[in-house]
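Beneath this line is the structure, given in structure tokens, with notes to follow.
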Amino acid sequence: MHKKFDHDAIEKKWQEKWRTSDLYKTDGESSKKKVYVLDMFPYPSGEGLHVGHPKGYIATDIYSRFKHMDGYEVLHPMGWDAFGLPAENFAIKNKVHPRVAVEKNIANFKAQLAHLGFNYDWSREINTTDPEYYKWTQWIFLKLLEKGLAYESHEPINWCPSCQTGLANEDLESDGTCERCGSVVEKRPMRQWVLKITDYADRMLEDLETLTEWPEHIKEAQRNWIGRSEGAEIDFKLGSGDTVTVFTTRPDTLFGATYLVLAPEHELVSKLKVENRSAVYAYVQQAAQKTEIDRTNAEKEKTGVELQGIKAINPATNTEIPVFISDYVLSHYGTGAIMAVPAHDERDHEFAQKFQLPETVVVNDGVLVNSGEFDGLNSEDAKKAIVAKVGGRMTSTYRLNDWVFSRQRYWGEPIPVIHCESCGVVPIPYEQLPVMLPEVEHYEPTGTGESPLAAIEDWVNVDCPKCGGKGKRETNTMPQWAGSSWYYLRFIDPKNDQALIDPAKEKKWAPVDVYVGGDHAVRHLIYARFWHKFLYDIDVVHTIEPFMRLEFLGFILAEDGRKMSKRWGNIINPDDIVKQNGADTLRVYEMFMGPFENTVAWSTNGLVGAQRFIERVNGLSEHVKDGEPAEITRLLHKTIKKVRSDIEEFKFNTAVSAMMIFVNAAEKGALSQESYEAFIKLLAPFAPHLTEELWAGCGQTTSVHLETYPEADESLAIDETVTIGVQINGKSRGSITIAPDADEAEAVTMAKAEPSLAKYFAEGEIKKVIYVQGRILNLMIGQ
RNA sequence: GCUGGAGUGGUGGAAUGGUAUACACGUGCGACUCAAAAUCGCAUGCCGCAAGGCUUGAGGGUUCAAGUCCCUCCUCCAGCACCA
């Protein structure tokens with residue numbers, strides 16, 4: 001029976017009880033098996049949540065409530081990734097301190113999450129902008145510095161002219177624009193801090209194989225991002241006495257290398273004595289002006305300038321070949337120089353056509369030709385042989401670049417070093433952490449390559465901790481991604497001010513067992529894996545990977561099929577849905593919409609369907625009788641089995657569907673009090689408020705969420721009879737109802753007795769019988 | 001271009017190689033109602049009056065049996081892409 005109820009009153013009542021009884025506080029003392037369930041923590045933006053945001057939180061709430069009821073000790077915390085540009089831009093616009101804006105937004109987010117009935121252990125709440133938190137972010141930086149994995153560089157980097165800060169490659173959209181503001185990003189040489197993530201490239205790549213519970217597309221995205229290419233470095237001597245080292249994946253084509261190309265930024269370009277200095281200089285200038293988009297557009301015609309008066313020797317042929325600079329060679333990939341093989345590379349071919357350079361075919365059908373002593377060798381063997389002959393080195397190179405780690409902005413963790421006039425870079429002593437982010441008058445970026453912190457003289461000017469002489473603090477701050485690269489560890493030991501994490505606690509809780517979120521296929525998940533491996537190397541953590549299982553979340557689009565955005569005015573606020581339809585309805589609906597990883601459009605009609613289900617459950621007690629038909633008992637146990645395994649596998653849509661089937665059947669028949677209570681427990685993780693209310697309605701005085709999750713009794717789940725399909729010559733022609741363990745003879749007898757099948761038996765004799773118990777009976781009938 | 005994933009009713013989608021289209025939405029008809037909403041019942045892949053036939057992007061193959069496995073192709077989504 002459909003039964004409406006005052007969801008608002010019920011939700012408020014139970015949320016308050018859960019809160020005051022510390023229902024979800026994780027103590028960490030028990031000997032139960034642990035499970036660490038984590039959401040990608042949100043950035044608390046001023047816009048608040050839309051209905052798409054809680055989808056992942058609903059899933060982890062269900063999962064962790066289920067695990068809790070099933071006898072696990074569950075860690076399910078929540079926190080805030082609160083450093084970053086949006087808070088800072090908001091502060092600039094509204095003249096409010098970012099801290100104030102962030103605090104307000106967090107309060108709003110927390111209230112919105114509370115309305116959905118989530119079971120977070122708020123005693124472990126963390127905030128990346130809290131000095132007690134970023135003290136340890138700075139600690140990790142100092143450890144990286146100590147191990148030689150953080151260094152200063154002056155290479156040209158991505159510069160966003162609108163955000164007025166340097167950016168990492170990971171902060172760019174695929175078209176080369178700024179991920180935050182959409183501006184076209186420039187290359188700009190400046191001093192910056194860089195983390196040597198490339199040292200971990202091989203391990204990050206190889207260890208992906210151990211992540212058997214990660215979606216394939218995420219692992220693939222990471223492989224693409226790291227982009228390892230196997231090849232060789234080969235040295236070319238120049239007439240000037242210098243050496244150019246090129247990287248190639250095709251050393252087997254060395255005999256076909258008819259010229260060299262250097263990136264315009266290549267260090268040799270300014271050192272070499274070229275005859276056409278002004279033309280070369282002009283080209284270098286021009287390349288520097290270009291945006292990344294222009295430079296990497298494969299459509300446009302190749303340009304370049306020959307370095308006149310310079311010749312290189314092809315070490316295989318010992319012939320002189322010309323040397324060019326061109327912007328189709330990228331300074332940040334490989335060695336920034338290539339050997340051009342126009343006969344076997346499209347780009348080189350295009351360039352050679354334009355500059356009328358010779359082409360030599362050296363490989364034919366995978367076999368070498370025009371390659372002297374190597375003729376007749378296959379490509380793979382030739383690679384090694386030729387590299388050995390010319391004294392090259394087999395090596396690999398990566399698309400991944402080191403992580404540009406400094407930002408010229410205010411709202412981030414200060415990088416904890418001092419620049420001393422005599423000692424150079426001096427780390428802040430560990431015991432002086434945290435380096436507090438100081439108050440400033442203006443948050444605006446300066447645009448000079450210095451952060452606003454540079455203007456605070458009494459903060460900047462300090463004595464060197466090493467020699468006591470004059471020093472200046474580093475004024476750059478860390479990027480948005482710093483705090484989120486290790487936050488999952490802080491939840492385990494959130495109040496520790498002596499160490500990043502207590503080793504015993506780390507051993508108990510790490511790694512994260514189930515990590516849920518979307519969007520961050522490369523950025524966050526690459527950075528966090530990098531830091532985790534580093535922390536493994538310095539014995540802070542005991543596993544090589546931070547997240548054992550990753551469940552990728554599909555987004556919720558607006559009802560019009562577009563992204564929910566202010567711009568389209570199609571945002572649905574979960575608060576409104578909670579008010580109108582109830583938190584349990586919203587939870588069930590978002591899980592029922594489709595597979596968890598699918599992106600699906602919001603549907604108000606679909607929401608109503610979930611609401612009807614919730615209301616039917618509310619009326620289910622009217623069908624409770626003294627006894628119940630055997631098929632209801634059977635269905636209950638089948639449903640329990642299905643729901644359990646579906647939750648485990650994050651197949652929430654089919655779990656809800658199975659429970660709907662049970663309710664439909666129970667309404668048509670009857671169910672016992674025992675089955676009714678089992679069903680309430682089964683549904684409890686999905687609809688925590690209603691089930692708590694119904695549980696109390698059964699005369700229970702303790703929370704349903706502290707009950708043991710129902711277990712299926714296999715013996716009760718077995719069918720007395722099954723209906724199986726009957727095929728004649730492979731085509732479905734009808735069905736028979738039969739004992740699940742009936743033998744072949746019985747099945748054939750049943751089929752023969754089935755009136756609707758009689759005409760097929762009249763067509764001839766049974767030539768062959770295929771019978772799979774409980775599944776199918778297939779009869780070959782013919783003359 | 002390379003790589004990964006996916007194509008099933010009007011819609012979201014279900015299906016350990018074993019009766020394709022569960023569940024939900026929508027729609028139609030009926031009940032209740034003065035009426036409407038809500039609710040309840042029945043129907044609902046396509047063609048056909050019916051018997052029956054056809055159907056999981058297209059085409060082949062393996063199998064007693066294919067949405068599911070294999071091959072070729074098409075389309076869509078995602079990541080990477082002048083990366084040597």
Side-chain angles (χ1 to χ4, degrees), chain A residues 1-4 174 215-229 231-232 246-251 253 257 261 263 295-302 326-341 344-348 350-351 397-401 521-522 552 554 588-589 592-595 597-610 612-613 615-616 619 651 653-664 667-668 723-736 767-780:
Chain A
M1 208 8 102
H2 210 92
K3 198 169 152 194
K4 293 198 181 299
S174 52
E216 194 50 44
H217 76 274
I218 303 280
K219 291 200 276 186
E220 193 57 27
Q222 296 216 348
R223 283 187 204 107
N224 282 335
W225 192 264
I226 295 167
R228 176 160 72 187
S229 291
V246 305
F247 174 78
T248 177
T249 55
R250 295 294 306 276
T253 63
V261 189
R295 272 197 64 165
T296 56
N297 181 2
E299 305 294 304
K300 69 149 204 200
E301 214 178 311
K302 300 266 178 296
S326 171
D327 62 10
Y328 86 91
V329 173
L330 308 173
S331 63
H332 54 79
Y333 185 77
T335 60
I338 63 159
M339 62 178 218
V341 185
H344 298 285
D345 183 283
E346 244 181 82
R347 296 152 300 175
D348 297 345
E350 208 187 304
F351 189 87
T397 193
Y398 304 89
R399 201 203 75 100
L400 180 75
N401 290 137
V522 285
F552 193 79
V588 167
Y589 171 59
F592 186 63
M593 284 178 92
E597 66 278 11
N598 278 22
T599 292
V600 182
W602 180 264
S603 156
T604 301
N605 281 330
L607 179 75
V608 169
R612 284 185 196 144
F613 169 67
E615 286 171 358
R616 292 169 93 123
K651 289 158 80 173
N653 56 330
T654 49
V656 172
S657 157
M659 289 188 283
M660 285 173 168
I661 291 169
F662 179 77
V663 169
N664 290 347
E667 280 187 341
K668 288 205 175 75
T723 300
I724 66 169
V726 178
Q727 298 181 345
I728 308 293
N729 298 329
K731 278 191 179 268
S732 296
R733 295 300 184 184
S735 62
I736 51 173
K767 295 274 170 76
K768 191 177 176 188
V769 178
I770 287 127
Y771 174 61
V772 182
Q773 276 188 354
R775 295 280 175 209
I776 199 79
L777 176 65
N778 190 359
L779 302 169
M780 300 298 117

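From a predicted model like this one, the values you see are computed outputs, not experimental measurements. Every chain is numbered from 1, with letters handed out A, B, ... down the list of sequences.
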Contact class for [X] vs. all strands (heavy atom < 4.0 Å): base, sugar-phosphate, or nothing?
X         : answer
Ile661(A) : sugar-phosphate
Lys219(A) : nothing
Glu216(A) : sugar-phosphate
Ser603(A) : nothing
Asn653(A) : sugar-phosphate
Ser657(A) : base
Thr397(A) : nothing

key: Closest-nucleotide 5' rank along RNA chain B - winner of Ala337(A) and Gly606(A)   =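 Its nearest nucleotide lies further toward 5', so the answer is Gly606(A).
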message = According to ring-ring contact (aromatic ring centres under 6.0 Å, His included), who are the partners of Phe592(A), at least two apart in sequence or on a separate chain?
response =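 For Phe592(A) there are no ring-ring contact (aromatic ring centres under 6.0 Å, His included) partners, ignoring immediate neighbours.
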task = Go through the structure and list residues passing ring-ring contact (aromatic ring centres under 6.0 Å, His included) with Phe552(A), not counting sequence neighbours.
result =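 Listed in chain order: His217(A).
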ask   = With no angle test and no hydrogens, is the base of rC64(B) tied to the side chain of Asn778(A) by a donor-acceptor pair under 3.5 Å?
value =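 Looking at the base of rC64(B), it does pair with a donor or acceptor on the side chain of Asn778(A) (distance under 3.5 Å).
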Ignoring backbone atoms, test whether [X] places a side-chain nitrogen or oxygen under 4.0 Å from the OP1 or OP2 oxygen of [N].
X         : N       : answer
Ser229(A) : rA84(B) : yes
Arg775(A) : rC64(B) : no
Arg223(A) : rU3(B)  : no
Arg612(A) : rA38(B) : no

Distances under 3.5 Å between nitrogen or oxygen atoms of protein and nucleotides 10-12 of chain B:
unit_1  : atom_1 : unit_2    : atom_2 : d
rG12(B) : O2'    : Met593(A) : O      : 2.3

[X]: partners by side chain to side chain donor-acceptor pair (under 3.5 Å), with sequence neighbours left out:
X         : answer
Asp348(A) : Tyr328(A)
Ser657(A) : none
Tyr398(A) : Asp202(A)

request  = Mind checking side-chain contact (heavy atoms from CB on, under 4.5 Å) for Ala610(A) and listing every partner two or more places apart, or none if nothing turns up?
outcome  =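 So Ala610(A) forms a side-chain contact (heavy atoms from CB on, under 4.5 Å) with Thr585(A), Val588(A), Tyr589(A).
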Select one nucleotide: of [options], the one nearest the side-chain heavy atoms of [X].
X         : options                   : answer
Val329(A) : rA84(B), rG4(B), rC25(B)  : rA84(B)
Tyr328(A) : rC82(B), rA84(B), rU19(B) : rC82(B)
Asn224(A) : rA65(B), rG79(B), rG4(B)  : rG79(B)
Asp327(A) : rC23(B), rC64(B), rC82(B) : rC82(B)

ask   = Reading RNA chain B 5' to 3', how would its secondary structure be written in dot-bracket notation, given Watson-Crick and G-U pairs with both distances under 3.5 Å, brackets [ ] for crossing pairs and | for partners on other strands?
value = (((((((..(((.....[....)))((((((.......))))))(((....)))..(((((..]....))))))))))))....
Would you give me the side-chain donor-acceptor pairs under 3.5 Å for residues 725-736 of chain A, sequence neighbours excluded?
unit_1    : atom_1 : unit_2    : atom_2 : d
Gln727(A) : OE1    : Asn778(A) : ND2    : 3.4
Asn729(A) : OD1    : Ile781(A) : N      : 2.8
Asn729(A) : ND2    : Ile781(A) : O      : 3.2

